Amino acid sequence: MSDQIALDLEEAQELGLKVLRANGFNEAHARSIMDVIYRCQLDDCHSHGLYRLLICVNTVRAGLVDGNESVEISEPSPASIRVDAKNGYSLLAFETGLPHLIEKTKKNGVGLMAINNCFHFSALWPEVEKLSEAGLAAMAMVPSHAWVAPSGGTKGSLGTNPLAFSWPRGEKNPYTFDFATSAIARGEIELAKRAGHPLPEGAAIDEHGKPTIDPNEALKGAMLTFGGYKGSALSTMIELMAGPMIGDLTSLASLEKDGNQGGTPLHGEVIIAFDPKLLGGTDTATNTRLAEALFASISEQGARLPSQRRYAARARNLEAGTVTIPKQLHEDILVLL
Ligand code: NDP
Ligand code: PYC
């Protein structure tokens, strides 16, 4: 018998909204959170899909995140906006700031949105993808909790620090990637623990600094960066850009503030958008041709573009009208109502 259950698309969204409302999130927060959780589940991004409801509820029940606070927008400079999430989840802040970021980027060629004081649990691709739907290129980055050892070290200094990038392609799906700078995301370790599966080699060390594939030992020890010192440096850049540069916390400070309560990380996020039409000069047709020739050169040799798996999963799930999750996760979600 299968240990998976298929949920109707509407049923999955309604279930998530009900859980969030029942646990003290107002309508605006619940909808902005569920929008991203649903998009992830639809694209089979399981570590940041319906599983995240458990984390959201855990964090609100611990009295950490505010599910009712409104956000506040200010304008530190002509090309930037700041959205204070006031200890709410980042997603309402992002949604509120998005039209302002698009407007500024289309006016100045470059625009920056700093989100401050936000609890953050979500994947970043839905955000950069929305900017590409508006014809813009974009990057987004966040710290998390200091679970990741720097290359050459054995203790957590860095977060799992995802970096997302998206490039608009007109009517086609954008070229988008979104990955943790740790070898795997923390969410993958949590899912491996729930499923009783081992981790891939090279993702984590135990509390004594020895390599481990046991998710329980990894959660007590430290995670490793992808690409050795290169991932370590990229991750450090993200700490600086989405931390002190926008007046917010590093992953070290976020973990310290949490004080072992097991809450979602609390810090800032930075999103930078670019308008290729304004920055690329007048020959837009050549620019588009060059970019498309690059994508074709990658695909034509059998390599895949990032997000290709996601877009295929989206098409498949939309066609079926369902998303599929483990039965145990479904039961754990129902308990939250
Ligand atoms: P993955 O390793 O699953 O994927 C990373 C990216 O690489 C995706 O865009 C993926 O596309 C692409 N990719 C994977 N395999 C290939 C391949 N063979 N060829 C070309 N491209 C490929 O992601 P992670 O586990 O590192 O991260 C998962 C999610 O976790 C991200 O969405 C991230 O934002 C989120 N996260 C959030 C954090 C937070 O603090 N908010 C912290 C850390 C992670 P595809 O999806 O199509 O496979
Ligand atoms: O999967 O590493 C992760 C993560 C951290 C915060 C949200 N997701």
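The structure presented is a predicted model; accordingly, all values stated were derived computationally and were not measured. Whatever order the structure lists ligands and atoms in, that order sets their numbers, starting from 1.
Donor-acceptor pairing under 3.5 Å is lacking for the side chains of S47 and E190.
Close contacts between ligand 2 and W147 involve ligand atoms 5 (C) [criterion: under 4.0 Å to a heavy atom]. In summary, the atoms of ligand 2 found under 4.0 Å from a heavy atom of R52, numbered by their order in the structure, are 1 (O), 7 (C), 8 (N). Taking a cut-off of under 4.0 Å to the non-hydrogen atoms of F121, the atoms of ligand 2 that pass are 7 (C), 8 (N).
The shell of residues lying under 4.0 angstrom from ligand 2, judged by heavy atoms, includes H48.
Counting non-hydrogen atoms of other residues, nucleotides and ligands closer than 6.0 Å to CZ of F295 gives a total above 12. More than 12 non-hydrogen atoms from other residues, nucleotides or ligands lie less than 6.0 angstrom from CD of E27. Within a 6.0 Å sphere centred on CD of E256, heavy atoms belonging to other residues, nucleotides or ligands number 12 at most.
Judged by distance alone, the side chain of S144 and the main-chain N or O of T160 form a donor-acceptor pair under 3.5 Å. A distance-only check finds no donor-acceptor pair linking the side chain of D248 to the backbone of E269 [under 3.5 Å]. T225 contributes a side-chain N or O that, together with a main-chain N or O of G228, makes up a donor-acceptor pair within less than 3.5 Å.
In this structure, atom 6 (C) of ligand 2 lies nearest to the protein heavy atom H120 O, 4.0 Å. Shortest contact from atom 1 (O) of ligand 2 to any protein heavy atom: G187 N, 2.8 Å.
The immediate protein surroundings of ligand 1, defined as residues with any heavy atom under 4.0 Å of it, consist of H48, H120, F121, S122, A123, L124, W125, V142, P143, S144, T160, P162, F177, D178, F179, A180, A185, R304, P306, S307, Q308, R309, R310.
Contact record, Q41 with I325: NE2-CG2, 3.4 Å, taken as the closest heavy-atom pair.
Taking the six-membered ring for Trp and the full ring otherwise, the centers of F177 and F179 sit less than 6.0 Å from each other.
Looking at ligand 2, you'll find an N or O of R186 within less than 3.5 Å of one of its N or O atoms.
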